[in-house]
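For ligands, and for the atoms within them, numbers begin at 1 and follow the listed sequence.
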Amino acid sequence: MIKENLLAVEKCIDESSKKRQQDMIEKVKLVAVTKNHTVEEMREAIAAGAAFIGENRVQEALEKYPQIGNTVEWHLIGHLQTNKVKQAVKIFDLIESVDSIKLAETINKEAIKINKLQNILVQVNLVKEQSKYGVYIEDLPALLSDIDGLPNLKLCGLMFIAPNLENLEEVRPMFKSMYKLFRKIQKTAYQTADVKYLSMGMTHDYKIAVEEGANIVRVGTAIFGPRQY
Ligand SMILES: *Cc1c(COP(=O)(O)O)cnc(C)c1O
């Protein structure tokens with residue numbers, strides 16, 4: 001089923017891409033979110049063409065990494081604690097969840113130690129949800145310019161987790177706001193950044209996210225089915 005599901009999601013992404021504005025040229029990357037799924041299931045997805053893997057816990061990713069290897073791109077999509085940074089920097093190609101200067105500095109320090117330029121996204125808490133991580137809009141410019149001064153971090157864009165609302169049309173304006181913010185940051189003259197990714201959209205809302213300009217979507221359930229906790 002995983003193969004069929006993956007192909008179906010890819011097809012939906014293609015369909016939604018057609019509804020985008022002309023300037024949203026970037027191709028959409030599908031991150032297969034494998035948290036709480038087995039290495040076997042991961043292999044099945046990879047055999048079917050999944051090239052980007054999303055994990056939300058460093059420990060779980062560390063256990064799977066030796067069995068999967070680095071032929072796929074590893075994305076950290078969950079909150080990162082500073083005491084896990086050293087391990088995270090070893091395996092993740094893109095850390096999507098940077099939301100504080102303290103965390104950014106710690107990642108930079110560990111990246112320097114292993115001579116790595118660490119790609120990151122900054123997670124934005126657009127509507128100030130208490131239950132979510134992410135930087136508030138008003139604190140974003142300061143965080144981004146601080147990150148710009150850290151030599152072993154490369155800012156690649158923004159990440160957003162939308163509130164889980166019944167009515168998806170209430171989420172659409174948030175995706176629109178994120179796209180505007182993303183464009184604004186693209187035009188800001190950061191020294192070391194290459195702002196090209198806007199990561200938003202999960203199983204229940206990725207189609208709308210793509211329509212509104214996401215070029216990374218993080219999809220778990222629609223590919224692997226419900227997670228067992
Ligand atoms: C789990 C998770 C996803 C995937 O969620 P699904 O609803 O299963 O598609 C996406 N993004 C983040 C940050 C997650 O933690």
Inset, instruction - Determine, stepwise, if the pair K90 / Y65 fulfils side-chain hydrogen bond (donor to acceptor under 3.5 Å, both in side chains). - result: CA-CA 10 Å; K90 279 187 192 156; Y65 186 84; over 6 Å; no
Residues R218 and E55 bridged, charged N to O under 4.0 Å: no
Exactly one of R20, Q21, R172 clears side-chain hydrogen bond (donor to acceptor under 3.5 Å, both in side chains) with E212, and that residue is R172
A student checking ligand 1 against V219 at a 4.0 Å heavy-atom cut-off should list atoms 9 (O)
Closest to atom 5 (O) of ligand 1 among protein heavy atoms sits M202 CE, 3.5 Å
Atom 8 (O) of ligand 1 has as its nearest protein heavy atom T221 OG1, 2.6 Å
Salt bridge check, K113 against E110: does any charged N sit closer than 4.0 Å to a carboxylate O?
yes
Filtering V9, I77, V33 for the heavy atom nearest atom 13 (C) of ligand 1 leaves I77
Note: ligand 1 atoms sitting under 4.0 Å from heavy atoms of G220 are 4 (C), 6 (P), 8 (O), 9 (O)
Exercise. Give the ring-plane orientation class for W74 versus F92, where under 30° counts as parallel, over 60° as perpendicular and anything between as tilted.
Key: perpendicular
Atoms of ligand 1 under 4.0 Å from any heavy atom of T203, numbered from 1 in the order shown, are 6 (P), 7 (O), 8 (O), 9 (O)
I161 heavy atoms within 4.0 Å reach ligand 1 at atoms 13 (C)
The answer for which part of K35 has a heavy atom under 4.0 Å from ligand 1 is side chain
Is NZ or CZ of K29 both nearer than 6.0 Å to the six-membered ring centre of Y197 and within 45° of the ring axis? no
Query raised in the report: Is R227 near ligand 1, meaning one of its heavy atoms is under 4.0 Å from it?
Result: yes
Given 3.5 Å as the limit, does a donor-acceptor pair link the side chain of Q228 with the main chain of N36, or not? no
Ranked by distance from atom 11 (N) of ligand 1, the top protein heavy atom is R218 NE, 2.9 Å
